[in-house]
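Accompanying notes for the structure given below.
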Number of protein chains: 2
Amino acid sequence: MSDKGRPRSFDRADALMRAMKVFWEKGYEGASLTALTAAMGINAPSLYAAFGCKEALYLEAMELYAQTVGTDIWAALETAPTAREAVSRFLLATAEAYSQPGTPHGCLIALGGLHQAAVPEAVCDALTRHRMENTDKLRQRLEAAIAEGELRDGVDAGAVATFYATVQHGMSILARDGGSYEALKNVADGAMAAWGVLTQNTVP
Amino acid sequence: MSDKGRPRSFDRADALMRAMKVFWEKGYEGASLTALTAAMGINAPSLYAAFGCKEALYLEAMELYAQTVGTDIWAALETAPTAREAVSRFLLATAEAYSQPGTPHGCLIALGGLHQAAVPEAVCDALTRHRMENTDKLRQRLEAAIAEGELRDGVDAGAVATFYATVQHGMSILARDGGSYEALKNVADGAMAAWGVLTQNTVP
DNA sequence: TCCATTCTGTAATGATCGATACACAAAGGT
DNA sequence: ACCTTTGTGTATCGATCATTACAGAATGGA
């Protein structure tokens with residue numbers, strides 16, 4: 001029913017990926033329609049026909065980021081045999097991703113929507129929600145480790161998860177400031193240095 | 001020589017403080033001239049006569065932030081008797097400042113200029129430089145501790161400083177996401193949990 | 001008192017923003 | 001071949017952005 005009319009002359013998925021990179025580098029407010037259409041190789045009306053509006057395009061780009069770049073980073077959480085290894089690999093994957101040449105440094109989601117006034121409410125909310133969900137993934141992995149007996153019963157999984165998520169967010173800023181892979185790895189190692197003490201603490 | 005002509009009808013320092021709060025909450029790009037002049041209680045020509053342009057106003061506001069809010073946070077570095085206590089107090093002061101009711105959450109400097117394209121180059125550079133200088137303050141305190149014998153000779157002061165600065169940057173994002181004082185303190189405690197291991201490591 | 005100087009408020013500047021009106025092109029269905 | 005439907009390119013929309021012309025108001029100095 002929808003294969004009538006003139007066919008689209010560009011690859012929607014490819015255009016979305018290009019838009020994602022622009023948003024990643026410049027942020028929502030820094031990515032002008034002019035910059036977006038130039039990078040996507042299309043004109044404004046095509047963008048609006050295919051994606052709705054800038055806000056909707058951003059939300060799609062954010063999801064694409066989460067499902068491509070994000071997946072690389074978070075995959076370790078589910079494949080590593082122990083929680084400690086999972087968090088360690090997660091941080092090292094972060095260090096690697098954030099210093100990857102050819103892509104913007106730091107995380108689209110961590111660095112986006114930090115100034116409410118500069119961004120539509122829905123975008124700000126979606127970004128905050130994503131950050132929360134990521135913290136939650138860490139927490140769930142830690143809780144699984146408690147259930148499996150790797151970690152002591154009573155370890156505050158939420159607190160530990162918040163700590164590692166926060167370190168990762170800081171790594172985005174470090175990456176934006178030009179921090180090298182070594183600098184990022186150093187932070188990852190530093191955070192893992194807290195593991196022993198953190199997983200000894202119990203909820204009071 | 002300059003007390004000729006019609007006197008200024010507003011308090012420049014007060015207006016700058018109000019502008020600082022707007023930039024703090026909204027960021028450079030989110031703070032429109034309309035919002036700035038409204039908060040400052042003056043009209044655009046008065047703003048331009050007193051501060052030059054938006055970019056110059058931002059740079060002044062940033063310096064004011066560093067010398068007021070910033071000083072509260074960094075004071076501990078110089079007053080605490082040991083480096084460990086200095087860093088610990090620094091992180092706790094951060095947790096307190098970033099959750100202070102009545103002020104925007106998180107740090108103006110940590111959260112500013114993270115998207116180059118959305119901000120004048122000079123602003124972006126000044127913010128990055130400030131973040132670097134802050135890391136340097138930590139490093140210098142750690143090096144002093146090495147010189148004094150508190151820390152082992154060979155501890156990588158730069159690496160430890162980068163770790164704690166990065167954690168603090170992450171705390172700004174946590175604060176923006178509504179993280180409570182308890183959540184922020186929890187991160188501070190987590191970072192301090194790494195102290196023992198970090199200060200055992202030596203440069204290879 | 002009159003002038004030079006500086007500030008204030010109104011109102012407007014050109015530039016850029018996100019978003020579209022419109023006419024034409026390219027496809028399928030009949 | 002014709003109609004319907006949808007995408008494309010040009011050119012433009014009103015809104016908002018940062019910035020400023022301009023005329024009047026308020027001061028000190030002559």
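Checking side-chain atoms of Arg176(A) against main-chain N and O of His115(B) turns up no donor-acceptor pair under 3.5 Å. In this structure, the side chain of Glu29(A) does not engage the main chain of Glu29(B) through any donor-acceptor pair within 3.5 Å.
Between Phe23(A) and Tyr28(A), the ring planes lie parallel to each other; the angle is under 30°, not in the 30° to 60° tilted range.
Between Tyr48(B) and dT19(D), a side-chain N or O to OP1/OP2 separation shorter than 4.0 Å is present. Residue Ser9(A) places at least one side-chain N or O closer than 4.0 Å to OP1 or OP2 of dT8(D). Residue Asn43(B) places no side-chain N or O under 4.0 Å from the OP1 or OP2 atom of dT8(C). Listed pair Ser46(B) / dT8(C) meets the phosphate criterion, a side-chain N or O lying under 4.0 Å from OP1 or OP2. For the OP1/OP2 pair of dC17(C) and a distance below 4.0 Å, the side-chain nitrogens and oxygens of Thr34(A) include at least one atom meeting the criterion.
At the heavy-atom level, Ala31(B) lies under 4.0 Å from the strands shown only through sugar-phosphate atoms. Ala44(B) comes within 4.0 angstrom of a base, heavy atoms only. Nucleic acid contact for Pro7(B): sugar-phosphate only, since backbone atoms but no base atoms lie under 4.0 Å from a heavy atom of the residue.
At whole-Å resolution of the value, CZ in Phe51(A) and C1' in dT20(C) are 18 Å apart. Here the C1' atom of nucleotide dT16(C) and the NZ atom of Lys54(B) are 13 Å apart, to the nearest Å. Taking atom CG on Leu36(A) and atom P on dG18(C), their separation rounds to 8 Å, with Å as the unit. Between the C1' atom of dG24(D) and the CZ atom of Arg6(B) lies a distance of 8 Å, rounded to the nearest Å. For the pair Asp11(B) CG and dT8(C) P, the computed distance is 12 Å after rounding to whole Å. Computed from coordinates, the Arg12(B) CZ to dT8(C) P distance equals 12 Å when rounded to whole Å. In this structure, CD1 of Ile42(B) is placed 9 Å from P of dG9(C), rounded to the nearest angstrom.
Between Lys21(A) and Glu25(A) there is no salt bridge, since no side-chain N of the basic residue sits under 4.0 Å from a carboxylate O of the acidic one.
Comparing Arg8(A) and Glu55(B) by the nucleotide of DNA chain D whose heavy atom lies nearest to each, the residue mapping closer to the 5' end is Arg8(A).
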